[in-house]
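The structure appears right after this line, and notes come after that.
Since the structure is predicted, the reported quantities are computational estimates derived from the model, not experimental observations.
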Amino acid sequence: RRVRDLCMKTNASQEVGDDSSSSEEEPRFKYQRLDAQVIKEDSPSCLAVDSKFMALGTHQGALYILDFQGHEIKKFKAHNFPVNDIVIDSTGEYIGSCCDEGKVVINAIYTDEKTEMQYHRPVKAVAFDPEFHKKNSRQIVSGGLAGQLILTTKSWFGSKKDRVLHAGEGPIRAIKWRGRFIAWANDIGVKIYDCQTEQRITYINRPKGSPRADLYLCHLYWENDATLLIGWADCVKIACIKERKGDNLSGLPSTCADIVALFQTDYFIAGIAPYGEYLVVLAYIEDEALKEPPELRMITRSNEELVLDSISVVGFQKNKANDYCLQFLQQENFFYVVAPKDFIVAKPCDVDDHLEWLRNRKKFEEALLVAEANKHPSQGTIGQEFILHLLSIGEGEKASKYLSKILKNDAQLWEDFFYKFMDQKQLGAIIDYIPKSNPRLSKRIYEIIMNYLMNGNPDKFLVTVEQWPSELYDIEIVINGLLGLLKDDKPNAKHNSLWIALAVLYPLKA
């Protein structure tokens, strides 16, 4: 379990993260407050997202088309009452909306085409035929306080024909249409209608003891053509549609729905969406004494909690569950959270975020492996940070083994790191790894190494003199250093190697 309080910055469109950099639990999402001018001028009431744009409805009845940074592209003055629901057709060319004045409005995004339908009672939800753009019938389905699920079809002569698909079980507050199935929620429960057979195929009851349906709205999401996610008050259900099997099916619909998951939560659900094999819900905590901000939770389909992020929404102290809206952009796995005074997007953390998290916690070795596996452009920078970190904790030997891999043929970098090893008194660790060609470093580097060895490791100094090309260093400088060291000294076992090295150097000087 991980709780992160995301202190959202007030300046627009800036990514924000965990305010506790020491957290050992790596975040799964990063959060960004969008620069939506509409938030300053009006109060959002609902949201719909498409692969091309977002549509935001407001309490003043306006409909805004926004880009994914929250900037206005287009505005429709669609209603005189708050917008209750928005639907976008599958091509992103038409947008429908409804409100309490009993009107459904369909606007074309790229032309001036506009259609209005009046139902005389408040309309709470609307949905398009998935093939709305293809068919001349331009079917929509709507419902509201009249308690009727109405299918509206355009006739050959442009008039509208209404057909009541279901009625008599209280107000309809949510509708979702995908493929051949329409799902809707009224005060009794959730129903699914098969447009192909023109039959209602299932009834999913509302849990006993549930709070008022108008206080905690039902949230529906079609994960695919046959899987419906239901989040209602403090209950989650997942329904899967399947073909009926058996011999005695007379009078029964050809399909039915099985409840494959059912669990209760300790919070109220303000939105639900799939996230791969998991679910993401927007959780509202009911506590009058201690007002809590909403939480984005990632859970398994058996209600095991994986992520809990507390989102510091502006004005959350005054909000109720129905003031929030969660929308999911499936193509990007982005989750949009709308509140009366705020507009936030949650995005999955990517490789950049993972690397930043590792580096902030000095997990440079793991970060380097991740960068290499992903061919990330920061490989070199992370590698250098790793080497410096190893030096700072006295692991010069280990740091040296990464030099060739990280510094490659950059002579200036090699020299810079040579001096860093010197500063950390780790010169002995780097000597065996210093390149003699490709790149060749300045003579001063090799002369420092010679001086270090003649004073600290005469035997290795002799081997170095015998093996290194003499053009790497100034022979005169090395000889003078040796003479200073051996001044007034007679040959002995300790200095034998130095005297032999001197004997080797004199002919090289000549």
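Using a 4.0 Å cut-off between a side-chain N of Lys or Arg and a carboxylate O of Asp or Glu, R28 and D309 do not qualify as a salt bridge. Salt-bridge check for E372 with K405: passed, with a basic side-chain N closer than 4.0 Å to an acidic carboxylate O. Using a 4.0 Å cut-off between a side-chain N of Lys or Arg and a carboxylate O of Asp or Glu, R359 and E385 qualify as a salt bridge. The pair D100-K124 meets the salt-bridge criterion, since a charged nitrogen lies less than 4.0 angstrom from a carboxylate oxygen. A salt bridge is defined here as a Lys NZ or Arg NE, NH1 or NH2 lying under 4.0 Å from an Asp or Glu carboxylate O, and K176 with E223 fails to meet this definition. A salt bridge does not link E365 to K363: none of the charged nitrogens lies less than 4.0 Å from a carboxylate oxygen. Comment: D50 does not engage K52 in a salt bridge, judged by the lack of any side-chain N to carboxylate O separation of less than 4.0 angstrom. Checked for salt-bridge contact, R301 and E277 miss the test: no charged N lies under 4.0 Å from a carboxylate O. Salt-bridge formation is detected for the pair E198/R163: a Lys NZ or Arg NE/NH1/NH2 atom is positioned less than 4.0 Å from an Asp or Glu carboxylate oxygen. Salt-bridge formation is detected for the pair R33/D342: a Lys NZ or Arg NE/NH1/NH2 atom is positioned less than 4.0 Å from an Asp or Glu carboxylate oxygen. Salt-bridge formation is not detected for the pair K135/D89: no Lys NZ or Arg NE/NH1/NH2 atom is positioned less than 4.0 Å from an Asp or Glu carboxylate oxygen. Salt bridge R138/E113: present, at least one basic N to carboxylate O contact under 4.0 Å. In this structure, D187 pairs ionically with R173, as a charged nitrogen and a carboxylate oxygen lie closer than 4.0 Å.
With sequence neighbours excluded, no residue forms a side-chain contact (heavy atoms from CB on, under 4.5 Å) with D112.
The SG atom of C235 lies 8.5 Å from the CD1 atom of I230; values are rounded to the nearest 0.5 Å. To the nearest 0.5 angstrom, L217 atom CG is 3.5 Å from N322 atom CG. One finds the CG atom of L56 at 5.5 Å from the CZ atom of F343 (value rounded to the nearest 0.5 Å). A distance of 4.0 Å separates CD1 in I192 from CD1 in I241, rounded to the nearest 0.5 Å.
Checked against M298 for a side chain to side chain contact (heavy atoms under 4.5 Å, CB included), the options L306, L279, L308 give a single hit: L306.
Residue-environment remark: NZ (K77) exceeds the threshold of 12 foreign heavy atoms within 6.0 Å. More than 12 non-hydrogen atoms from other residues, nucleotides or ligands lie less than 6.0 angstrom from NZ of K114.
Between F132 and Y94, the distance separating the two ring centers is shorter than 6.0 angstrom. With ring centers used as reference points, Y193 lies 6.0 Å or more from F181. For F335 and Y275, the ring centers are positioned less than 6.0 Å apart.
Taking the six-membered ring for Trp and thresholds of 30 and 60 degrees, F334 and Y336 have ring planes more than 60 degrees apart, a perpendicular arrangement.
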